[in-house]
Peer 1: 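This is the structure I want to talk about, given as structure tokens.
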There are 2 protein chains.
Amino acid sequence: MKENTKLFKALSDPNRLRILKMLQSKSLCVCEITDVLKLATSTVSKHLSILKDGGFILEQKNGKWVNYLINPRPSDPRISSLISTLDFWISDDQLIISDKQKVQKVDRFKVCSR
Amino acid sequence: MKENTKLFKALSDPNRLRILKMLQSKSLCVCEITDVLKLATSTVSKHLSILKDGGFILEQKNGKWVNYLINPRPSDPRISSLISTLDFWISDDQLIISDKQKVQKVDRFKVCSR
DNA sequence: TTTACATTTCGCCTTTATATGAAATATAAA
DNA sequence: TTTATATTTCATATAAAGGCGAAATGTAAA
């Protein structure tokens, strides 16, 4: 039963939902996400590993950065279903809207190394 | 954002998933559910209130019993979507299968008052 | 090969969830 | 109206989740 709750658990944290919604706009590295959420890097990294473990996102190493993106072709159809549901799920939330605006402007060369 | 995670949180506990799957077979009172899950009555009552608060189930008072049933017409379309997803979600789980078998046989007049 | 930077892992603390038994509430039967 | 039964609420203990900073890891630039 643990496996069955894993997907729902991954989606039941507000910051992880924010991350997923941001990644639906654009793939991002850890420090860009950190800059938007205003959390410790280690915290963001942990959230990302939970989303990755659940199969919602993928990582792509690019030099010293690690880019995260929505998994475009999840093996588990339940994940595809949940991801596409999220498309219209919380689009009206003010926090999600402002996150998306920040994501458009974020620049890893300005944001990182501080 | 709290409101947005509420639905996922309600589904991210194994015992609550078991309850939902049982109720998909048949509406049940608290002591019948307690008998199958082997948890304290107060614990089951709490789980039911979380599922009810999320909009997944309804309660119908019947004398000294309170019957719970899957919400047949949820106002929130996301709930309908999640409930129907659960139909095929974890039908292969051994625990869910044995729960459903127990639910067929359970008799509140034998099970309650002990 | 140092040095700098991005990320992950670790240990620890705080908060939230889940579980319980006892007490409170509600209804039905005696 | 007492008594019994079903459920909820409360106080509380334990487990799990989420947060942080420091140390460890991996890569790139100097």
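These figures come from a predicted structure and were not determined experimentally.
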Peer 1: Check each residue of residues 55-67 of chain A for a non-hydrogen atom within less than 4.0 Å of any atom in DNA chain D, then write out the ones that pass by number, or none.
Peer 2: A:Gly63, A:Lys64

Peer 1: Rounded to the Å, how far apart are B:Leu11 CG and C:dA17 P?
Peer 2: 15 Å

Peer 1: Taking ring-ring contact (aromatic ring centres under 6.0 Å, His included) as the cut-off, I'd like each qualifying pair that reaches into residues 26-62 of chain B, sequence neighbours left out, listed once.
Peer 2: none

Peer 1: Please list, chain by chain and in numerical order, all residues satisfying side-chain contact (heavy atoms from CB on, under 4.5 Å) with A:Ser25, sequence neighbours excluded.
Peer 2: A:Lys100, A:Val103, A:Gln104

Peer 1: What residues form a salt bridge (charged side-chain N to carboxylate O under 4.0 Å, His left out) with B:Asp93, not counting sequence neighbours?
Peer 2: none

Peer 1: Kindly state each residue pair satisfying salt bridge (charged side-chain N to carboxylate O under 4.0 Å, His left out) with at least one member in residues 73-91 of chain B, sequence neighbours excluded.
Peer 2: B:Asp76-B:Arg78

Peer 1: Can you list the residues that meet the salt bridge (charged side-chain N to carboxylate O under 4.0 Å, His left out) rule with B:Asp99, with sequence neighbours excluded?
Peer 2: B:Arg18

Peer 1: Check the distance between D:dT7's C1' and B:Ile33's CD1 and give it to me in whole angstrom.
Peer 2: 12 Å

Peer 1: Whole angstroms only, please: what is the NZ-C1' distance between B:Lys6 and C:dA17?
Peer 2: 16 Å

Peer 1: I'd like to know if the side chain of B:Ser12 reaches the main chain of B:Phe8, judged simply by a donor and an acceptor atom lying under 3.5 Å from each other, with no hydrogens or angles considered.
Peer 2: yes

Peer 1: In the structure shown, which nucleotide is the Watson-Crick or G-U wobble counterpart of C:dA30, with both distances under 3.5 Å?
Peer 2: D:dT1

Peer 1: Taking only residues two or more places apart in sequence, or in another chain, which ones meet A:Lys52 in a salt bridge (charged side-chain N to carboxylate O under 4.0 Å, His left out)?
Peer 2: A:Glu59

Peer 1: Taking protein heavy atoms under 4.0 Å as touching, what does nucleotides 15-21 of chain D look like 5' to 3' if B marks base contact, S marks sugar-phosphate-only contact and - marks none?
Peer 2: --SSSBB

Peer 1: Run through the side-chain heavy atoms of Ile, Leu, Val, Met, Phe, Trp and Tyr, join any pair under 4.5 Å, and report what else lands in B:Phe109's cluster.
Peer 2: B:Trp65

Peer 1: Starting at CD of A:Glu32 and ending at C1' of C:dT7, how long is that distance when rounded to a whole Å?
Peer 2: 13 Å

Peer 1: Under 4.0 angstrom, heavy atoms only, what part of the nucleic acid is B:Tyr68 near: base, sugar-phosphate, or nothing?
Peer 2: sugar-phosphate

Peer 1: Rounded off to whole Å, could you give me the CG-to-C1' distance for the B:Asp53 and D:dT8 pair?
Peer 2: 15 Å

